[in-house]
S.K.: 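Here it is: the structure, laid out below.
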Protein chains: 2
Amino acid sequence: MQSLIKYLNSFMPLSKAAKEALVGICKELQFKKNSDIQPIGHTCKTIYFLKKGLARIYYFKNDIDITESFSFENHLVVRYESLFTGRPSKKAIQVLEDSDLIAIDANQLFKLYSKFPELESVFARVFEAAHVETINRIESIQFHTAEERYKALLKEAPDVIKRVPLKYIASYLGITPVSLSRIRGQK
Amino acid sequence: MQSLIKYLNSFMPLSKAAKEALVGICKELQFKKNSDIQPIGHTCKTIYFLKKGLARIYYFKNDIDITESFSFENHLVVRYESLFTGRPSKKAIQVLEDSDLIAIDANQLFKLYSKFPELESVFARVFEAAHVETINRIESIQFHTAEERYKALLKEAPDVIKRVPLKYIASYLGITPVSLSRIRGQK
DNA sequence: GTAATTTCTTATCATATGATAAGTAGTTCC
DNA sequence: GGAACTACTTATCATATGATAAGAAATTAC
């Protein structure tokens with residue numbers, strides 16, 4: 001649990017009472033490599049924190065598996081578009097390695113907000129940071145070639161290449177696995 | 001001011017006291033067509049609400065003018081990536097028609113949060129909705145052709161085509177003006 | 001109202017990526 | 001440890017978009 005608290009503290013220091021209330025609504029979970037921790041069609045009511053391991057959010061577009069995002073240790077995994085709208089998600093969360101997660105029940109969290117406004121504040125900060133990342137991703141997708149995006153990913157998260165099958169990286173970059181192979185091949 | 005209140009109320013009803021506090025930190029402004037209301041390099045400390053008119057957020061990439069987004073009447077115009085990080089924005093806000101805006105001073109707003117948690121809540125909802133839009137935009141950019149994106153835009157916001165120069169629409173769609181012309185031309 | 005400027009279109013050629021297919025390498029399963 | 005499966009690479013061909021250029025249309029300025 002300490003890793004989650006540390007993560008939140010980096011956004012905003014929390015009172016002991018708030019931390020304890022939060023811990024009270026968290027559960028620790030383990031998942032085996034390649035298993036879905038939330039299926040497609042399920043409404044997102046859980047905020048996951050990845051203690052150990054590696055996860056991705058994915059969906060199917062015309063029967064093609066598309067990776068929307070990767071999440072690494074000590075980061076959240078959330079399908080925001082479902083959590084914020086209350087609608088079923090078209091996306092699933094899958095772990096790509098044996099992983100340890102902390103699950104925060106979102107409804108219980110939102111109920112704590114009135115008693116602990118600092119919890120609302122800290123999660124607002126966390127979500128804002130995710131929003132900024134999403135905005136930056138648009139620029140990257142729209143105005144860089146696939147090759148530039150691949151190289152940027154290598155730089156930002158060199159781990160990805162070692163730990164994630166290339167086919168998932170390809171769809172994350174918005175290209176086919178064949179095209180990614182070609183980019184890697186030339187050099 | 002009524003239009004802003006109405007907008008916020010659609011996310012969450014607000015107490016009279018909160019509304020009054022909010023109105024106290026707002027200013028009404030007019031801008032002439034094509035003028036920048038916030039320049040590139042300025043840190044975003046203002047949340048704008050577009051009462052009348054039309055605006056875009058844009059920046060330069062290798063000397064090319066890129067439109068990041070359009071905003072229409074009764075919606076916010078915010079450079080979130082600057083507001084949330086406190087860093088200077090590489091983007092500017094420009095009105096594309098004579099426009100009336102309401103400017104909310106962000107620092108004053110954030111200070112009101114402790115006295116009026118409902119203001120923090122309602123703006124959290126507003127920002128979440130913007131976040132969801134951004135997530136959906138990624139899917140649109142990454143997995144639809146320029147032609148599909150253009151048609152989707154026509155459907156979503158038929159006004160755009162009438163009110164916005166095509167060159168701005170082209171960069172918003174992630175293509176050159178020449179390419180947009182071609183798409184419009186074929187049919 | 002004409003000239004100057006800006007915006008949009010059309011054409012040509014170059015190039016990056018997609019689709020398909022076939023082969024190689026690596027992994028998993030019994 | 002061999003068979004079956006999955007992941008990755010390489011090759012060929014088709015296509016959408018970019019770059020450049022030139023002209024038409026629309027807008028703005030005087």
Side-chain angles (χ1 to χ4, degrees), chain A residues 32-36 54 56 58 60-67 70 94-98 138-154 158-187, chain B residues 31-36 53-54 56 58 60-67 70 94-98 138-154 158-187:
Chain A
K32 279 283 167 205
K33 177 173 180 174
N34 290 334
S35 57
D36 278 7
L54 174 52
R56 69 175 184 128
Y58 73 95
F60 288 96
K61 175 142 219 131
N62 306 329
D63 293 329
I64 311 260
D65 176 319
I66 307 283
T67 295
F70 298 108
Q94 179 190 33
V95 296
L96 300 177
E97 301 174 351
D98 292 353
I138 287 186
E139 198 205 307
S140 146
I141 294 172
Q142 203 158 15
F143 301 109
H144 289 94
T145 63
E147 184 175 353
E148 287 168 339
R149 264 143 44 212
Y150 175 69
K151 284 182 179 160
L153 182 67
L154 274 188
D159 251 37
V160 172
I161 311 299
K162 291 173 209 142
R163 294 166 67 183
V164 177
L166 288 183
K167 60 178 179 169
Y168 296 154
I169 293 174
S171 69
Y172 174 77
L173 293 173
I175 56 179
T176 59
V178 173
S179 197
L180 179 56
S181 247
R182 184 158 36 198
I183 287 167
R184 285 159 54 85
Q186 58 188 38
K187 166 153 36 155
Chain B
F31 284 90
K32 280 281 167 206
K33 178 172 178 174
N34 289 334
S35 58
D36 277 7
L54 174 53
R56 69 176 185 127
Y58 73 96
F60 288 96
K61 174 140 220 134
N62 306 327
D63 293 329
I64 310 258
D65 175 319
I66 307 282
T67 295
F70 298 108
Q94 179 191 34
V95 297
L96 300 178
E97 301 173 352
D98 293 353
I138 288 187
E139 198 206 307
S140 146
I141 294 172
Q142 203 157 14
F143 302 108
H144 290 94
T145 63
E147 184 176 352
E148 287 167 338
R149 263 143 45 214
Y150 174 69
K151 285 183 179 162
L153 182 66
L154 274 188
D159 250 36
V160 172
I161 311 299
K162 291 172 208 144
R163 294 166 68 182
V164 177
L166 287 183
K167 59 178 180 171
Y168 295 154
I169 294 174
S171 69
Y172 173 77
L173 293 174
I175 55 179
T176 59
V178 174
S179 197
L180 179 55
S181 250
R182 184 160 34 199
I183 287 167
R184 285 160 54 83
Q186 56 189 39
K187 170 159 28 166

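Letters A, B, ... are given to chains in the order of the sequence lines, protein chains preceding strands, and every chain is numbered from 1.
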S.K.: Report, one line per pair, each donor and acceptor closer than 3.5 Å where one atom sits in a side chain of residues 163-174 of chain A; sequence neighbours left out.
M.R.:
unit_1: A:R163; atom_1: NE; unit_2: A:E97; atom_2: OE2; d: 2.7
unit_1: A:R163; atom_1: NH1; unit_2: A:D159; atom_2: OD2; d: 2.8
unit_1: A:R163; atom_1: NH2; unit_2: A:G53; atom_2: O; d: 3.2
unit_1: A:R163; atom_1: NH2; unit_2: A:E73; atom_2: OE2; d: 3.1
unit_1: A:R163; atom_1: NH2; unit_2: A:E97; atom_2: OE1; d: 3.0
unit_1: A:S171; atom_1: OG; unit_2: A:T67; atom_2: N; d: 2.8
unit_1: A:S171; atom_1: OG; unit_2: A:Y168; atom_2: O; d: 3.3

S.K.: Please tell me if the side chains of A:R56 and A:D65 come closer than 4.5 Å, counting only heavy atoms from C-beta onward.
M.R.: yes
S.K.: Mind calculating the distance between NZ (B:K162) and P (C:dT7) to the nearest angstrom?
M.R.: 21 Å
S.K.: Mind checking A:S181 for me? I need base, sugar-phosphate or nothing, with any heavy atom below 4.0 Å counting as a touch.
M.R.: base
S.K.: Could you check B:N34 against A:S179 and say which one's nearest nucleotide on DNA chain D is further toward the 5' end?
M.R.: A:S179
S.K.: Write down the distance between CG (B:L180) and P (C:dT7), rounded to a whole number of angstrom.
M.R.: 14 Å
S.K.: Which nucleotide span of DNA chain D, 5' end to 3' end, has atoms closer than 4.0 Å to non-hydrogen atoms of chain A?
M.R.: D:dA7 to D:dT12
S.K.: Between the side chains of A:D98 and A:K33, is the shortest nitrogen-to-carboxylate-oxygen separation below 4.0 Å, so that they form an ion pair?
M.R.: no
S.K.: Any side-chain heavy atom of B:E139 sitting closer than 4.5 Å to one from A:I66?
M.R.: no
S.K.: A quick test of your reading: do over 12 heavy atoms of other residues, nucleotides or ligands sit less than 6.0 Å from NZ of B:K151?
M.R.: no
S.K.: How close or far is atom P of C:dT10 from atom CD1 of B:I183, stated in whole angstroms?
M.R.: 13 Å
S.K.: Of B:P165 and A:T176, whose nearest nucleotide on DNA chain C comes first from the 5' end?
M.R.: B:P165
S.K.: Between A:K32 and A:N34, is any pair of side-chain heavy atoms under 4.5 Å apart?
M.R.: no
S.K.: To the nearest Å, give me how far apart OH (B:Y150) and P (C:dC8) are.
M.R.: 11 Å
